Amino acid sequence: QVQLVESGGGLVQTGESLRLSCAASGLTFSNYGIGWFRQAPGKEREFVAACSRSGITTSYADSVKGRFTIFRDNAKNTVYLQMNSLKPEDTAVYYCAADSRLRRTGLPSTSSGLYEYWGQGTQVTVSS
């Protein structure tokens, strides 16, 4: 049974940092690209960041570029999202997702509908 378990969310103030973790089990982790998505109340789930199987190739939404970093440790079956300079608009439930069907870039899709597995999410709240 495949499981993705996010952790590390919480309540922080504007400008502070958080590191989210996504621990995977039940799959050959290094065969999967990983994406982070977020969903704020009343809004659609949106792409945040993604990384290739090795973690060498990454992509980011424009709204988080330069502030967030995605990286992975395949030996620990874990992917991370380092979030710096947080803003109130970053408030959302954050989800990690895994997909083995990668594009020519080696990255998974930015479309949430194309991922095979999802975690349950972790809440991030940024107060102003």
Side-chain angles (χ1 to χ4, degrees):
Q1 180 183 359
V2 175
Q3 280 195 310
L4 300 176
V5 179
E6 301 96 336
S7 61
L11 172 63
V12 297
Q13 294 187 333
T14 298
E16 294 185 338
S17 299
L18 278 176
R19 178 178 291 184
L20 305 183
S21 300
C22 172
S25 60
L27 75 172
T28 304
F29 186 64
S30 58
N31 285 351
Y32 287 77
I34 302 295
W36 282 97
F37 291 79
R38 66 187 181 186
Q39 188 165 18
K43 294 190 175 181
E44 298 276 321
R45 189 169 297 190
E46 65 174 359
F47 170 76
V48 175
C51 68
S52 61
R53 291 168 176 159
S54 66
I56 291 174
T57 306
T58 58
S59 67
Y60 298 91
D62 287 343
S63 59
V64 307
K65 206 171 289 184
R67 300 188 298 122
F68 290 12
T69 303
I70 184 172
F71 59 101
R72 65 192 292 167
D73 184 341
N74 284 345
K76 296 182 178 179
N77 283 8
T78 301
V79 65
Y80 305 91
L81 185 68
Q82 177 66 40
M83 306 187 296
N84 297 332
S85 302
L86 283 161
K87 304 175 181 180
E89 51 264 45
D90 295 318
T91 295
V93 177
Y94 283 71
Y95 300 88
C96 66
D99 192 38
S100 61
R101 301 159 297 185
L102 306 180
R103 299 178 293 175
R104 269 187 286 179
T105 56
L107 290 167
S109 173
T110 58
S111 173
S112 62
L114 298 178
Y115 280 73
E116 296 174 76
Y117 304 108
W118 287 86
Q120 83 290 347
T122 186
Q123 176 71 47
V124 171
T125 303
V126 185
S127 65
S128 57

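Computed over heavy atoms, backbone and side chain alike; hydrogens, waters and symmetry mates excluded. In this text the structure is predicted, and so the values were computed from the model without any measurement.
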Student: Does Leu81 share a hydrophobic cluster with Leu107, counting links as ILVMFWY side-chain heavy atoms below 4.5 Å and allowing steps through other members?
Tutor: no

Student: Looking only at heavy atoms, what is the nearest atom pair of Val12 and Ser17, with distance?
Tutor: CG1-O, 4.2 Å

Student: Only one of Asn84, Thr58, Asp90 clears side chain to side chain contact (heavy atoms under 4.5 Å, CB included) with Phe68; which?
Tutor: Asp90

Student: Do Val64 and Trp36 land in one hydrophobic cluster if side-chain heavy atoms of ILVMFWY residues count as linked below 4.5 Å?
Tutor: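 In one cluster with Val64: Trp36, yes.
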
Student: Do Glu6 side-chain atoms and Leu20 backbone N/O form a donor-acceptor pair below 3.5 Å?
Tutor: no

Student: Which other residues end up in the same hydrophobic cluster as Phe37, if Ile, Leu, Val, Met, Phe, Trp and Tyr are linked when side-chain heavy atoms come under 4.5 Å apart?
Tutor: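 Via sub-4.5 Å side-chain contacts, Phe37 links to Phe47, Val93, Tyr95, Tyr115, Trp118.
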
Student: Minimum heavy-atom separation for Val48 and Tyr94, please, with both atom names.
Tutor: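 So the two residues come closest at CG2-CE2, 4.3 Å.
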
Student: Would you mind reporting whether Arg67 and Tyr60 have side-chain heavy atoms less than 4.5 Å apart?
Tutor: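 Answer no - side chains too far apart.
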
Student: Please find the pair of heavy atoms, one from Ser128 and one from Thr14, that lie closest to each other, and give the distance.
Tutor: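 For Ser128 versus Thr14, the nearest heavy atoms are CA-OG1, 3.4 Å.
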
Student: Any salt bridge linking Lys65 with Asp62? Criterion: basic side-chain nitrogen under 4.0 Å from a carboxylate oxygen.
Tutor: yes

Student: Under 4.5 Å between any side-chain heavy atoms of Ser30 and Arg53, yes or no?
Tutor: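 No, every pair of side-chain atoms sits at 4.5 Å or beyond.
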
Student: Using the rule that two of Ile, Leu, Val, Met, Phe, Trp, Tyr join whenever any of their side-chain heavy atoms come within less than 4.5 Å, decide whether Val126 and Met83 are in one cluster.
Tutor: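 Looking at the clustering, Met83 is in the same group as Val126.
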
Student: Using the side chain to side chain contact (heavy atoms under 4.5 Å, CB included) rule, pick out the option among Val79, Thr69, Thr57 that qualifies with Cys51.
Tutor: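 Result for side chain to side chain contact (heavy atoms under 4.5 Å, CB included) with Cys51: Val79.
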
Student: Are any non-hydrogen side-chain atoms of Lys76 and Ser21 less than 4.5 angstrom apart?
Tutor: no

Student: Taking side chain as C-beta onward, heavy atoms only, is Gln13 less than 4.5 Å from Leu86?
Tutor: no

